[in-house]
Amino acid sequence: MVAADNRTRVATVMHVRCPDQLPEETYRQVLEQLAELSPLVQALPPSAALVELKGALRFHGADPRYLAEILRVRTLSRLGVDVRVGIGPTITVAATASGQIDASGGVLAIDPDQVADWLGPLPVEALHSIGPKRAAVLREYGVHCVGLLAAVPPATVQRLLGGKVGRVAADRARGIDPRPVTPRALPASTGVRHTFADHTLGGAAVRSALLELAVQLGQVLRRRGQVACGLTLALPFAGGACAACRKPPRTRTTCARWPTGSSTPRACSVAA
């Protein structure tokens, strides 16, 4: 019984943050590294993910912190990407922990019996899912830290933030978050883009760029071993307008009208 209780009190939710503006291809490779640790991976594009380690701990014979360090070593050595890993008993605690790590990367694990003491001193805006607007409302009423938010009666928080939002905020300030990690892969799509150095009127230059994009896109799909089910061509113009052409499978190509008064494309992109 004691051994079983110890297992249930181990933090098993991992929240992983990648660097901002990470290329989609690299983000997919990070997700593949996570899948080597556990099959329960939930992609949170464009640069984060959740992992449930409950079943993986016994398989790897290691604790969550060790697995997180292994992940950092793999992403750094294989992809040149360092990640921030928060570990907690719930999604909220794990995501809040990863947000407290410096941008350079690291691991922060919060055990179940540490949640209240660790969350309490944090500024209220540090709690995952409490945005700047909600934090500003709470600060107006003197709720500056998560510990104070947890101490306020839930009914009062509901009056301040609204019914459902207030109830959720009150629960999460107490470390309560019943949401499970739901396996979800990143949609199988990719795109390439070309930006012209100057506004161009030359049809030959645009066609040349499109041909180069088609070659690049084909190389990406070939490397992945994938076949495109559809193509989308987008042409943004100097005036802010955009023309798009879509080619779903087994259908005729449909093109948006060429914007009047905007005859100089700034860029072109092709996605599959």
Side-chain angles (χ1 to χ4, degrees), residues 2 4-20 34 37-38 40-42 44 47-54 56-57 62-72 82-139 141-154 156-158 160-161 165-181:
V2 174
D5 288 341
N6 288 337
R7 284 197 300 269
T8 59
R9 295 193 61 78
V10 173
T12 61
V13 178
M14 178 187 291
H15 186 275
V16 181
R17 294 179 190 260
C18 301
D20 294 335
L34 296 178
L37 297 180
S38 170
L40 299 179
V41 178
Q42 180 177 338
L44 302 174
S47 59
L50 288 166
V51 187
E52 176 56 73
L53 298 172
K54 194 171 295 183
L57 297 179
D63 60 35
R65 182 185 291 275
Y66 179 80
L67 293 181
E69 295 291 357
I70 288 294
L71 174 66
R72 287 190 65 208
D82 202 354
V83 294
R84 293 178 287 164
V85 184
I87 302 170
T90 65
I91 291 176
T92 294
V93 175
T96 302
S98 67
Q100 297 302 301
I101 302 172
D102 293 337
S104 57
V107 177
L108 178 57
I110 309 300
D111 291 331
D113 56 358
Q114 299 174 329
V115 169
D117 292 337
W118 181 75
L119 284 178
L122 293 178
V124 68
E125 61 269 17
L127 184 65
H128 185 67
S129 79
I130 298 292
K133 291 184 178 180
R134 295 171 186 167
V137 172
L138 293 170
R139 283 183 173 276
Y141 288 89
V143 182
H144 301 285
C145 65
V146 179
L148 287 175
L149 179 58
V152 174
T156 303
V157 181
Q158 287 180 271
L160 295 177
L161 301 180
V165 173
R167 183 171 62 254
V168 170
D171 285 344
R172 293 182 180 175
R174 296 170 173 81
I176 301 171
D177 186 356
R179 294 176 298 167
V181 175

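Positions are given from 1, in the same order as the sequence printed here.
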Would the distance check show the side chain of [X] and the main-chain N or O of [Y] forming a donor-acceptor pair, the cut-off being under 3.5 Å?
{"X": "T12", "Y": "L53", "value": "no"}
{"X": "R174", "Y": "A170", "value": "yes"}
{"X": "R172", "Y": "T92", "value": "no"}
{"X": "S38", "Y": "E52", "value": "yes"}

Interatomic distance, R84 atom CZ to L108 atom CG [nearest 0.5 angstrom]: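 One finds 11.5 Å between CZ of R84 and CG of L108.
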In terms of heavy-atom contacts, does CZ of R134 have more than 12 from other residues, nucleotides or ligands at under 6.0 Å?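 12 or below, so no.
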Please list, chain by chain and in numerical order, all residues satisfying salt bridge (charged side-chain N to carboxylate O under 4.0 Å, His left out) with D111, sequence neighbours excluded.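 Checked D111 against salt bridge (charged side-chain N to carboxylate O under 4.0 Å, His left out); zero matches.
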Salt bridge (charged side-chain N to carboxylate O under 4.0 Å, His left out) against D171, all qualifying residues, sequence neighbours excluded: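 Testing D171 for salt bridge (charged side-chain N to carboxylate O under 4.0 Å, His left out), a comparison that skips the adjacent residues, returns none.
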Please tell me whether T90 and D177 have a donor and an acceptor in their side chains that are separated by less than 3.5 angstrom.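 Side-chain D/A pair, T90 to D177: absent.
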Less than 4.5 Å apart, side chain to side chain, heavy atoms only: is that true for L71 and L34?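 Yes, close enough: below the 4.5 Å cut-off.
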Any side-chain heavy atom of H144 within less than 4.5 Å of one from V124?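 Not in contact.
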Going by the rule side-chain hydrogen bond (donor to acceptor under 3.5 Å, both in side chains), which residues pair with R17 if we only count those two or more places apart in sequence or in a different chain?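 Checked R17 against side-chain hydrogen bond (donor to acceptor under 3.5 Å, both in side chains); matches are S98.
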